[in-house]
Amino acid sequence: MNSLSNTKSVGQFHVHDPLPPEIITLDNIGGLPADDAQQFAFKLNGTATPASELNGAFLNAADQSLLDGPMATAASNQTYQYEWQADVPTEQHKIVPEANYPAPYTLANPTRKILKDLPPPELAFLKAPTHFEFASMPLTNSQSPIYSYDGTSDADLMISDPRNGTRGDWAVQVNLTKQFTATPANMPASTLNDALIWTKDAQTTPLQLNVPQQLFSKSSYSLGASTPDVENLTDLLKSTLQAQFPAGPKDADVPYTAELEFILVTAPY
């Protein structure tokens, strides 16, 4: 700016707030930590607005800072190098590099780039059964009583629905994909048809192969204090899914196994 001998020549003089700093390039050298990692370490290189400071923020889902990484300053040629190591679990958090100016020019809203983001909350199985144990049954040619699976089973069934706002319809179905079958050594396979029993709405019927049955359904609703995020269907499943072995010959000393799949059916929301 040239000095003016006549100040009357100056009509207006504007002083602007500093322009926001910019992360021009961002090169993640070391890769991102896995979601279940108990510690992370990564390196960044790149360019940014000269004299801006680069910081890494470790945020929760509400964008609250849990841990700040070290500060790195962009040199006059705009380049920076950044390295961060921390002994904290990464699950359910996100990593956001941000650029700002040092005091007294610090901006209330720094420029951010999301490096590791949280997935949107979604309806999903929180726990699903892995196996059902009906223990050992007496060998008989007659039809057995109806048995419930026992305490050695891993049969917890829980649905998590953390979606925000109005939540759409959903249902859980159970599908039989393989009947109870035993394979004796050097013998043909033996199958017990109609051995898994479905007891629902005061009706007891055998599960049919590849005919899904609906265990539970929930209509759409809005988020509120009376609508829990988790539905525990473990007890309902145990009272609904049972076994009754049909009359006729059966193979001794050979385990019979069947296969089920659990289906989560959703509607738009």
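Only heavy atoms go into these numbers, but all of them, side chains included; no hydrogens, no water, no symmetry mates.
Ion pairing of Asp154 with Lys127 is absent here, as no side-chain N (NZ or NE/NH1/NH2) approaches a carboxylate O to less than 4.0 Å.
In this structure, OG1 in Thr266 is found 10.0 Å from CG in Asp169, a value given to the nearest 0.5 Å. Taking OG1 from Thr181 and CD from Glu259, the interatomic distance works out to 8.5 Å, rounded to the nearest 0.5 Å. We find the CG-CG distance between Asp156 and Leu237 to be 10.0 Å, quoted to the nearest 0.5 Å. To the nearest 0.5 Å, the span separating CD on Gln208 from CG on Asp194 amounts to 5.0 Å. Separating the CG atom in Leu44 from the CG atom in Asp27 is a distance of 8.0 Å, to the nearest 0.5 Å. Taking CD of Glu231 as the reference point, atom CG of Leu126 lies at 12.0 Å (rounded to 0.5 Å).
In this structure, Gln242 and Ser148 have side chains that are in contact, with non-hydrogen atoms separated by less than 4.5 Å. The closest side-chain heavy-atom distance from Tyr256 to Asp251 is below 4.5 Å. With contacts defined as side-chain heavy-atom distances shorter than 4.5 Å, the pair Ile24/Gln78 qualifies. Side-chain contact between Leu157 and Phe125 is present, with heavy atoms from C-beta onward closer than 4.5 Å. Residues Leu115 and Val96 form no side-chain contact, since every pair of their non-hydrogen atoms from C-beta on lies 4.5 Å or further apart. Leu236 places a side-chain heavy atom less than 4.5 Å from the side chain of Phe216.
Sequence neighbours left out, the pairs with a member in residues 45-55 that pass side-chain hydrogen bond (donor to acceptor under 3.5 Å, both in side chains) are Thr25-Thr47. Identified under the salt bridge (charged side-chain N to carboxylate O under 4.0 Å, His left out) test for residues 71-87, with sequence neighbours left out: none.
Within a 6.0 Å radius of CD in Gln81, other residues, nucleotides and ligands contribute 12 heavy atoms or fewer. Atom CG of Asn141 has more than 12 neighbouring heavy atoms from other residues, nucleotides or ligands inside a 6.0 Å radius.
Both Phe262 and Leu264 are members of a single hydrophobic cluster when ILVMFWY side chains are connected at heavy-atom separations under 4.5 Å. If you chain together hydrophobic residues whose side chains sit under 4.5 Å apart, Val174 and Ile197 never meet in one group.
Remark: the backbone N or O of Ala155 is not paired with any side-chain donor or acceptor of Ser153 at under 3.5 angstrom. Of the possible polar contacts, one joining the Lys250 side chain to the Thr140 backbone as a donor-acceptor pair under 3.5 Å is found. For the pair Asp201 (side chain) and Gln203 (backbone), a donor-acceptor distance under 3.5 Å is absent. Proximity of a side-chain donor or acceptor of Lys113 to a complementary backbone N or O of Glu98 within less than 3.5 Å is not detected. Looking at Arg112, its side chain never comes within 3.5 Å of a backbone N or O of Pro97 through a donor-acceptor pair. Checking side-chain atoms of Asn193 against main-chain N and O of Gln179 turns up no donor-acceptor pair under 3.5 Å. Remark: the backbone N or O of Ser144 is paired with a side-chain donor or acceptor of Gln244 at under 3.5 angstrom. Counting only distance, with no hydrogens or angles, the side chain of Thr152 and the backbone of Glu133 share no donor-acceptor pair below 3.5 Å.
Taking the ring centroids of Tyr149 and Phe132, they lie under the 6.0 Å cut-off. Annotation: Phe245 is in aromatic contact with Phe180 [ring centroid separation under 6.0 Å].
Scored by the side-chain hydrogen bond (donor to acceptor under 3.5 Å, both in side chains) test, Thr183 finds no partners at all (sequence neighbours excluded).
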Item to check | Trace of the side chain to side chain donor-acceptor pair (under 3.5 Å) decision for Asn100 with Thr106 | outcome: CA-CA 6 Å; Asn100 209 336; Thr106 304; 5.1 Å; no
